[in-house]
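Single-structure report; data block below.
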Amino acid sequence: MTRLLIIGPPGSGKGTQAVQIAKHFRIPTVSTGEIFRINVSHETPLGVEAAKYLDDGAFVPDHLTNALVKDRLLDADLQPGFLLDGYPRTAPQIMELDNILASQGHRLDAVVELRAPDSELEQRMLRRAKEQGRKDDTIDVFRHRLDLYHRETHEVVAVYAGRGILVSVDGSGDPSAITTRAIAAVEKFLATRVSP
Ligand code: ADP
């Protein structure tokens, strides 16, 4: 049973790495950004509400995001473990996740932080904008998302570092090399925790 988080700035390839890491550990990924985008494209009530924030590169309000995650984490397919991608991003979201996990008698095993220089993140976003056409991949919205990451999510990283479960990974370079580095780092970390 492995319960993981992945945190990384926009353009860090967080979604791509999440899928590969989850495959390795045989656990499903839960990506809040992806869930929001699906709801936006289906024009569900949540999607209509969330679209206002996604289009501007702002965070969806905590109460909406927390309710969504709480609901999803109770699903049977996630009981053997999961990899959360893009959540938590704020201090109230950390508290909510702590509460949800504690109510199930669970805790996080490790938090993967992908690091890459801003200049590389911007280059990747511009490439992705051409390939995927995500509405929030314009230079202005991207810079806003990056700024929010530095301001808000930095705190999330600090909290997990304080708990001693942060695994920082160099997220620059070739995606498959990053995957190999990330998996090796998490495996090593989990091994040291299991056998002190
Ligand atoms: P990225 O991290 O590359 O910006 P994501 O797919 O993780 O992309 O998120 C896309 C958007 O979805 C965010 O800009 C935000 O509007 C919304 N979102 C995703 N996760 C959260 C969260 N935990 N809290 C608030 N908003 C979120």
Side-chain angles (χ1 to χ4, degrees), residues 4-22 28-44 46-73 82-101 108 111-157 159-160 169 171-172 175 178 182:
L4 304 173
L5 288 187
I6 185 162
I7 299 180
S12 63
K14 176 171 59 71
T16 308
Q17 295 304 327
V19 171
Q20 299 305 324
I21 297 168
T29 53
V30 176
S31 159
T32 42
E34 194 65 42
I35 297 173
F36 285 134
R37 282 190 289 278
I38 291 168
N39 276 276
V40 170
S41 70
H42 289 101
E43 297 180 11
T44 66
L46 173 68
V48 171
E49 186 61 24
K52 302 175 198 163
Y53 304 95
L54 263 79
D55 290 355
D56 291 344
F59 285 162
V60 176
D62 285 336
H63 71 276
L64 284 177
T65 311
N66 283 337
L68 173 97
V69 171
K70 188 171 185 180
D71 200 49
R72 179 71 183 97
L73 285 186
F82 54 77
L83 188 154
L84 271 176
D85 161 11
Y87 180 95
R89 285 188 199 205
T90 64
Q93 292 182 10
I94 298 181
M95 279 171 54
E96 178 68 10
L97 180 62
D98 282 344
N99 290 336
I100 301 169
L101 292 178
L108 287 175
V111 175
V112 181
E113 180 206 14
L114 287 180
R115 293 177 165 217
D118 285 3
S119 54
E120 187 167 339
L121 299 172
E122 202 166 295
Q123 289 304 317
R124 290 196 198 157
M125 181 283 296
L126 290 171
R127 211 178 314 134
R128 181 171 71 186
K130 282 195 198 128
E131 289 165 10
Q132 299 180 5
R134 255 175 65 169
K135 219 175 161 186
D136 56 354
D137 276 346
T138 64
I139 198 75
D140 288 343
V141 175
F142 177 80
R143 287 197 176 135
H144 180 55
R145 282 156 56 210
L146 192 55
D147 181 50
L148 253 184
Y149 181 83
H150 289 311
R151 278 191 286 130
E152 300 257 354
T153 316
H154 176 74
E155 195 185 334
V156 177
V157 171
V159 167
Y160 291 120
V169 176
S172 53
I178 302 169

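Both ligands and their constituent atoms are indexed starting at 1 by order of listing. Note that the coordinates shown come from a computational prediction; the quantities given were computed from them, not determined experimentally.
- When only non-hydrogen protein atoms are considered, atom 8 (O) of ligand 1 lies nearest to Arg134 NH2, 3.3 Å.
- Considering only residues two or more places apart in sequence or on other chains, Glu120 meets the side-chain hydrogen bond (donor to acceptor under 3.5 Å, both in side chains) condition with Arg124.
- Other residues, nucleotides and ligands place no more than 12 heavy atoms under 6.0 Å from the CD atom of Glu43.
- Contacts between Val60 and ligand 1, counted as non-hydrogen atom pairs separated by less than 4.0 Å, involve both the backbone and the side chain.
- Against a heavy-atom cut-off of under 4.0 Å, Thr65 is close to the following atoms of ligand 1: 22 (C), 23 (N), 24 (N), 25 (C).
- For atom 19 (C) of ligand 1, the nearest non-hydrogen atom from the set Ile7, Asp137, Thr32, Val156 belongs to Thr32.
- Interface atoms of ligand 1 facing Tyr87, defined by a heavy-atom separation under 4.0 Å, are 23 (N).
- The shortest side-chain heavy-atom distance between Val60 and Glu49 does not fall under the 4.5 Å cut-off.
- Enclosure of atom CD in Glu155 is not indicated, since only 12 or fewer non-hydrogen atoms of other residues, nucleotides or ligands lie within 6.0 angstrom.
- For the pair Asp85/Val19, no side-chain contact is recorded, criterion being any heavy-atom separation below 4.5 Å from C-beta on.
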Margin query: Run the side-chain contact (heavy atoms from CB on, under 4.5 Å) test on Arg72 and Leu68 for me, step by step, so that the C-alpha distance in whole Å, both residues' side-chain angles and the decisive distance to 0.1 Å come before the verdict.
Written below: CA-CA 6 Å; Arg72 179 71 183 97; Leu68 173 97; 5.8 Å; no
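- Of all the listed residues (Gln93, Lys52, Arg89), Gln93 holds the heavy atom that lies closest to atom 24 (N) of ligand 1.
- Of the protein's heavy atoms, Arg37 NH1, 3.7 Å lies nearest to atom 10 (C) of ligand 1.
- Closest to atom 27 (C) of ligand 1, if we only count protein heavy atoms, is Phe36 CE1, 3.8 Å.
- With a 4.0 Å cut-off on non-hydrogen atoms, His144 does not touch ligand 1 at all.
- Taking a cutoff of 4.0 Å between a charged side-chain nitrogen and a carboxylate oxygen, Arg37 and Glu34 qualify as a salt bridge.
- Taking a cut-off of under 4.0 Å to the non-hydrogen atoms of Arg145, the atoms of ligand 1 that pass are 1 (P), 3 (O), 4 (O).
- Here the shortest heavy-atom distance to atom 15 (C) of ligand 1, taken over Pro10, Pro9, Ala58, Gly13, belongs to Ala58.
- Residue Gly86 has at least one heavy-atom neighbour below 4.0 Å for each of these atoms of ligand 1: 20 (N), 21 (C), 22 (C), 23 (N).
- Polar contact check, Glu34 against ligand 1: no nitrogen or oxygen pair lies under 3.5 Å apart.
- No more than 12 heavy-atom neighbours from other residues, nucleotides or ligands sit within 6.0 angstrom of NE2 on His154.
- The side chain to side chain contact (heavy atoms under 4.5 Å, CB included) search around Asp136 returns Arg134, Val141, Arg145, not counting sequence neighbours.
- Every atom of ligand 1 with a heavy atom of Leu54 under 4.0 Å away is listed here by number and element: 11 (C), 12 (O), 16 (O), 17 (C).
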